[in-house]
Amino acid sequence: MKTNLKSLAIAVLAGTALLSCTQPNHSEKVKKEIAIQLYSVRGILNNVQNSETHADTVYTNLLARLSAMGYTGVEAAGYANGKFYGRTPEQFKADVEAAGMEVISSHCNKPLSAEELATGDFTPSLEWWKQCFADHKAAGMKYVVMPWMDVPQTLKDLATYCTYYNAVGKLCKEQGMLFGYHNHSHEFVKVEGEVMFDYMLAHTNPDDVFFEMDVYWVVRGQSSPVDYFTKYPGRFKILHIKDHREIGQSGMVGFDAIFKNAVLAGTKELVAEIEAYSMPVEESVKVSLDYLLDAPFVQASYR
């Protein structure tokens with residue numbers, strides 16, 4: 001009997017040792033395709049742009065640190081005068097790739113002038129977009145996103161903007177990229193009885209205009225991201241993953257349901273944006289990413 005117990009103990013210990021060798025190391029984060037909106041680190045980037053001293057080193061080191069955290073791509077929010085954060089499109093692409101990340105998308109804004117809105121002739125703005133898209137193509141972008149529009153005064157003006165976005169989207173496709181619109185919370189107000197966001201989804205061409213849903217702002221607009229995924233499947237190619245401060249900390253946003261329905265939404269890219277912090281900026285963007293890397297409901301990739 002003693003011999004059998006001793007043999008059993010040895011077998012259990014051996015099996016435990018073998019199991020520990022074959023189990024994954026949970027201290028290592030699972031790699032997931034998650035980009036960062038560079039607006040999240042705007043304070044650091046603004047300091048770089050406003051200083052000529054060691055600016056290149058500070059900028060490239062920041063990209064390297066974001067990559068080391070586990071971010072795999074970037075979304076820009078600093079396009080101006082043909083450059084991204086003061087870099088040529090080619091330099092910006094090279095910098096991001098040298099850090100081990102991928103250029104994904106960019107926010108840039110070109111609202112209609114009062115005359116264009118009144119006449120429906122978008123020619124001046126479309127000329128601007130042509131150069132914008134050429135620069136974004138040179139930077140290696142996949143997507144170009146309009147990040148803001150004011151609430152129109154009338155439904156007629158809103159319809160004009162939808163027509164404008166369809167035209168911009170066609171130009172973007174000609175350059176091999178896709179054009180989208182990013183929401184805040186004000187798109188969930190009504191314009192002459194119509195919910196602005198719903199009207200935009202219904203009156204833009206799905207082949208020419210996608211939507212980058214900011215899930216936090218949808219919730220702040222008293223709406224449900226998943227309801228929109230169900231009503232407009234396939235329209236949300238990029239999700240802005242955001243929370244009140246660090247991602248996953250507030251309990252306000254139902255991230256599990258959002259990610260479980262991301263395929264229905266048509267999602268191809270996840271972009272984390274942290275624009276308010278309860279800790280130092282770089283610590284905040286790392287804590288936010290760690291939440292997404294650890295969350296079992298977030299897939300490694302949605303592409």
Side chain of Asn109, backbone of Pro147: donor and acceptor closer than 3.5 Å?
no

Could you tell me whether the side chain of Ser288 and the main chain of Ile247 form a donor-acceptor pair under 3.5 Å? yes

To the nearest 0.5 Å, atom CD of Glu90 lies from atom CG of Asp95 at 11.5 Å

Hits for side chain to side chain donor-acceptor pair (under 3.5 Å) against Tyr79, two or more places apart or cross-chain, chain-then-number order -> Asp135

Between Met196 and Asp150 the two heavy atoms that sit nearest each other are CE-O, 3.8 Å

key: Val168/Phe122 under side-chain contact (heavy atoms from CB on, under 4.5 Å): CA gap, chis, key distance, verdict   = CA-CA 9 Å; Val168 174; Phe122 317 135; over 6 Å; no

Rounding to 0.5 Å, atoms OG (Ser40) and CD (Glu282) come to a distance of 11.5 Å

One should read off an interatomic distance between His136 NE2 and Cys172 SG, to the nearest 0.5 angstrom, of 8.5 Å

Worksheet item: Is the ring centre of Phe255 less than 6.0 Å from the ring centre of Phe297?
Response: no

For Leu178, the other hydrophobic cluster members (4.5 Å side-chain criterion, sorted by chain and number) are Ile104, Tyr143, Val145, Phe210, Ile238, Val271

Exercise. Is the closest side-chain heavy-atom distance between Val144 and Cys108 below 4.5 Å?
Worked result: yes

Mind running side-chain contact (heavy atoms from CB on, under 4.5 Å) on Ile258 and Val253 for me, showing each step along the way? CA-CA 9 Å; Ile258 288 168; Val253 185; 3.6 Å; yes

When rounded to the nearest 0.5 Å, the distance separating CD1 of Ile274 from CE of Met279 is 10.5 Å

Hey, are the side chains of His184 and Asp214 touching, using non-hydrogen atoms and a 4.5 Å cut-off? no

Of all heavy-atom pairs linking Val226 and Ala257, the shortest is CG2-O, 3.7 Å

(request) Decide, yes or no, whether a salt bridge links Lys170 with Glu174 under the criterion of side-chain N to carboxylate O below 4.0 Å. (result) no

request  = In sequence, state the C-alpha distance, the side-chain angles, and the governing distance for Phe92 and Tyr59, and then conclude on ring pair (Phe, Tyr, Trp, His ring centres under 6.0 Å).
outcome  = CA-CA 10 Å; Phe92 179 74; Tyr59 164 76; 7.1 Å; no

Counting only N and O atoms by type, is there a donor-acceptor contact under 3.5 Å from the side chain of Thr72 to the main-chain atoms of Glu33?
-> no

The complete set of side chain to side chain donor-acceptor pair (under 3.5 Å) pairs with one or both residues in residues 253-265, sequence neighbours excluded, reads none

Tightest non-hydrogen contact, residues Val285 and Val41, listed as CG1-CG1, 4.3 Å

Same apolar cluster: Met141 and Phe133, side chain cutoff 4.5 Å
yes

Salt bridge (Lys or Arg N to Asp or Glu O under 4.0 Å) filter on Glu127, not counting sequence neighbours, yields Lys130

Answer whether the closest heavy-atom distance between the side chains of Pro124 and Glu116 falls below 4.5 Å.
-> yes

So, Lys286 and Asp290, do they make that salt bridge, N to O below 4.0 Å?
yes

For this session: Answer with yes or no whether the hydrophobic clustering places Met101 together with Met69; edges join I, L, V, M, F, W, Y residues whose side-chain heavy atoms lie under 4.5 Å apart.
Result: yes

Just checking Glu192: does its CD atom have more than 12 heavy atoms from other residues, nucleotides or ligands closer to it than 6.0 angstrom? yes

- prompt: Does Trp128 belong to the same Ile/Leu/Val/Met/Phe/Trp/Tyr cluster as Tyr164, with side-chain heavy atoms less than 4.5 Å apart forming each link?
  reply: yes

Query raised in the report: Can you tell if the side chain of Tyr71 reaches within under 4.5 Å of the side chain of Leu63, non-hydrogen atoms only?
Result: no

Between Tyr165 and Met200 the two heavy atoms that sit nearest each other are CE1-CE, 3.9 Å

Value for NZ (Lys190) from CG (Asp198), rounded to nearest 0.5 Å, stands at 9.5 Å

By ring pair (Phe, Tyr, Trp, His ring centres under 6.0 Å), Tyr232 pairs with (sequence neighbours left out) none

Scanning both residues in full, the closest heavy-atom pair of Pro111 with Ser125 reads O-OG, 4.0 Å

Output for pair (Met149 CE, Asn183 CG), nearest 0.5 Å, gives 12.5 Å

Notebook entry, point to check: Do NZ/NE/NH1/NH2 and the carboxylate oxygens of Glu102 and Lys142 come within less than 4.0 Å?
Noted result: yes

*asked:* For Glu269, is there an ion pair with Lys237 - N to carboxylate O distance below 4.0 angstrom?
replied: no

Heavy-atom side-chain contact between His107 and Gln37 under 4.5 Å = yes

Just by distance, no angles: are the side chains of Tyr216 and His240 close enough, under 3.5 Å, to form a donor-acceptor pair? no

Does NZ or CZ of Arg87 come closer than 6.0 Å to the centre of the six-membered ring of Phe84, within 45° of the ring's axis?
no

Checklist entry - Do the side chains of Ser106 and Glu75 get nearer than 4.5 Å, heavy atoms only? => result no

ask   = Just wondering, do Leu38 and Leu45 contact through their side chains at under 4.5 Å, heavy atoms?
value = yes

Is Phe179 close to Val209 at the side-chain level, that is, under 4.5 Å between some pair of heavy atoms?
yes

Hey, mind stepping through Asn61 and Arg65 against side-chain contact (heavy atoms from CB on, under 4.5 Å) and telling me if it holds? CA-CA 6 Å; Asn61 284 351; Arg65 291 196 299 277; 3.6 Å; yes

Residues Val263 and Gln299: closest non-hydrogen pair is CG2-NE2, 4.0 Å

* For Leu293, does its backbone N or O pair with a side-chain atom of Lys32 as donor and acceptor, under 3.5 Å? -> yes

Test ring-ring contact (aromatic ring centres under 6.0 Å, His included), reference Phe188, set Phe197, Tyr199, Trp217, output is Phe197

Fill in: side-chain contact (heavy atoms from CB on, under 4.5 Å) evaluation trace for Trp129 with Met146
CA-CA 11 Å; Trp129 281 110; Met146 183 88 164; 3.9 Å; yes

Problem - Pair Thr204, Arg235: side-chain N/O donor-acceptor within cut-off below 3.5 Å - result: yes

Q | Check: Ser284/Glu246 side-chain N/O donor and acceptor closer than 3.5 Å | A | yes

For the pair Lys242 and Glu275, find out whether any cationic side-chain nitrogen is under 4.0 Å from an anionic carboxylate oxygen.
yes

* What class does the angle between the rings of Tyr181 and Phe211 fall in, given that below 30° is parallel, 30 to 60° is tilted and above 60° is perpendicular? -> perpendicular

### Task
Taking atom types as modelled, find out whether Lys83 and Thr88 have a side-chain donor-acceptor pair closer than 3.5 angstrom.
no

Report yes or no: do Tyr291 and Ile34 belong to one cluster of Ile/Leu/Val/Met/Phe/Trp/Tyr joined by side chain heavy-atom distances under 4.5 Å? yes

Output field: ring centroids Trp148/His186 closer than 6.0 Å
yes

The side chain to side chain donor-acceptor pair (under 3.5 Å) partners of Asp207 (sequence neighbours excluded) come to none

With the 4.5 Å side-chain cut-off for hydrophobic clustering, are Tyr39 and Val103 part of the same group?
no

